[in-house]
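Taking it in order: structure first as structure tokens, then the write-up.
The structure displayed is predicted, hence computed values, not measured ones. Computation of the quantities below employed the complete heavy-atom set of this structure, encompassing side-chain atoms and omitting hydrogens, waters and symmetry-equivalent molecules.
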Amino acid sequence: MKGLEVTAWGILGLLFLQIPALGWLAKFHLLQRRDFSLSPNSLRKL
């Protein structure tokens, strides 16, 4: 059972680590779609 516990905690940890990354990627994708050019202004919005 110890191995299963470690695996479950590992998967949970990966999910929690991925949530902020996914949020950042979604925000970046929306910014890219709103104005396609990567001007300094669009970078400053981040």
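Other members of the cluster containing Ile11 are Leu15, with ILVMFWY side chains joined at under 4.5 Å, either directly or via other members. Summarising the hydrophobic clusters (Ile, Leu, Val, Met, Phe, Trp, Tyr; side-chain heavy atoms under 4.5 Å, direct or chained), the residues clustered with Phe16 are Ile19.
Note that the OG1 atom of Thr7 and the CG atom of Leu12 stand 11.0 Å from one another [nearest 0.5 Å].
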